[in-house]
Structures are given as C-alpha cells and as structure tokens.
Chemist: 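Sending over a structure as structure tokens; questions will come in a sec.
Counting begins at 1 with the first residue of the sequence.
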Amino acid sequence: MSRKFVRRGFKLGAVIGAVFFLAQVFLLKQAPKPEDNATRTPVQPKLQNATPEAAPSAMEEEAAPAPAGDEQGGADAAWLDPLEDGSCPPTHPVKAKLSSRIYHVPGGLAYERTVPDRCYRDAAAAEADGFRAAKR
C-alpha cells in the first residue's frame, strides 16, 4: 500500500516539476531583451543632501551664500555623519542605516546596538530622505 503512494508521489512531483520548468522557460521568453533596456535612460535618485554636479562660476560663488548645514556639518543640517565613536550627536539623535533604509529613534529596541551611517535631527527628516521607521 505504501509503495503505491510513493510511486504516485514521485509521478506527481515529476509532473509538477515539469510544469514549473515549462512556466519558467515560457516566462523567460517574455522577458524584455537587454537591447530594449539599453535605450532607456537610468533614473537618478534624488537625495536631499546631494551636491550639485556642475560647479558654479567664480561670480556665482561670490554672490551665493555659504552652504548651510549639510556641507559644513552645522547643527541645522538635515543629517550629519556619526561621531568618531559611532554615536550620534545630541542635536541629531535619530540613527539611520543606508543598507537597510531604516531609521531608529531613541528608546527603540535596537537603538543602542545600531551603528549609524547617518544621524538625523528628527524622524520626519529621515523619512523625507526615504528611510522607514524600525518596526520595534
């Protein structure tokens, strides 16, 4: 009796495997070709703290005010680099990881053990840069 079930199981597994294989082959034929993607221009992400690509001329440099915060690392910046010991300054307590795009607020479960890539002044600033809140 058990041999009968084993044989049926092998047959059923072979049929299901063949169906999945054929589905993958069919779906790969429907995938866009690489030359189709070559004509598309890549979308550049918009970062709040990105530096401009073109350097201003000498006249514009004299007339333009000094950059506030982000380039100078002032207290009014949206985000700052962490301190040398891996902690955030008191003015920017929210810790953010670039690899996971998650930010941690003080009092959160993983806040103490998180080594930040950026420090934000508040959760709204981190969310504006595309980060999401930690679940715990």
Chemist: Is there a donor-acceptor pair closer than 3.5 Å between any side-chain N or O of Lys95 and the backbone N or O of Thr114?
Modeler: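 Looks like yes, one N/O pair under 3.5 Å.
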Chemist: Does the side chain to side chain contact (heavy atoms under 4.5 Å, CB included) test come out yes or no for Lys97 and Ile102, once each step is laid out?
Modeler: CA-CA 6 Å; Lys97 293 295 286 181; Ile102 295 175; 5.6 Å; no
Chemist: For Pro106, enumerate each residue passing the side-chain contact (heavy atoms from CB on, under 4.5 Å) test, keeping only those at least two apart in sequence or located in another chain.
Modeler: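 Partners of Pro106 by the side-chain contact (heavy atoms from CB on, under 4.5 Å) criterion, ordered by chain and then number, come out as Pro93, Tyr111.
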Chemist: Working to the nearest 0.5 angstrom, can you tell me the gap between Arg101 CZ and Asp117 CG?
Modeler: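 Output value for this atom pair is 10.0 Å.
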Chemist: Mind checking side-chain contact (heavy atoms from CB on, under 4.5 Å) for Cys119 and listing every partner two or more places apart, or none if nothing turns up?
Modeler: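 For Cys119, the residues satisfying side-chain contact (heavy atoms from CB on, under 4.5 Å) (neighbours in sequence not counted) are Pro82, Cys88, Pro89, His92, Pro116.
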Chemist: Just how far is it from atom NZ of Lys135 to atom CG of Leu109, taken to the nearest 0.5 Å?
Modeler: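 It comes to 13.5 Å.
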Chemist: Can you measure from NE2 (His104) to CZ (Phe131) and round to the nearest 0.5 angstrom?
Modeler: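 The distance works out to 10.5 Å.
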Chemist: Considering only NZ, NE, NH1 and NH2 on the basic side and carboxylate oxygens on the acidic side, decide whether Asp129 and Arg118 come within less than 4.0 Å.
Modeler: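 Salt bridge: yes.
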Chemist: The criterion is side-chain contact (heavy atoms from CB on, under 4.5 Å); which residues satisfy it with Ala133, sequence neighbours excluded?
Modeler: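 Tyr103.
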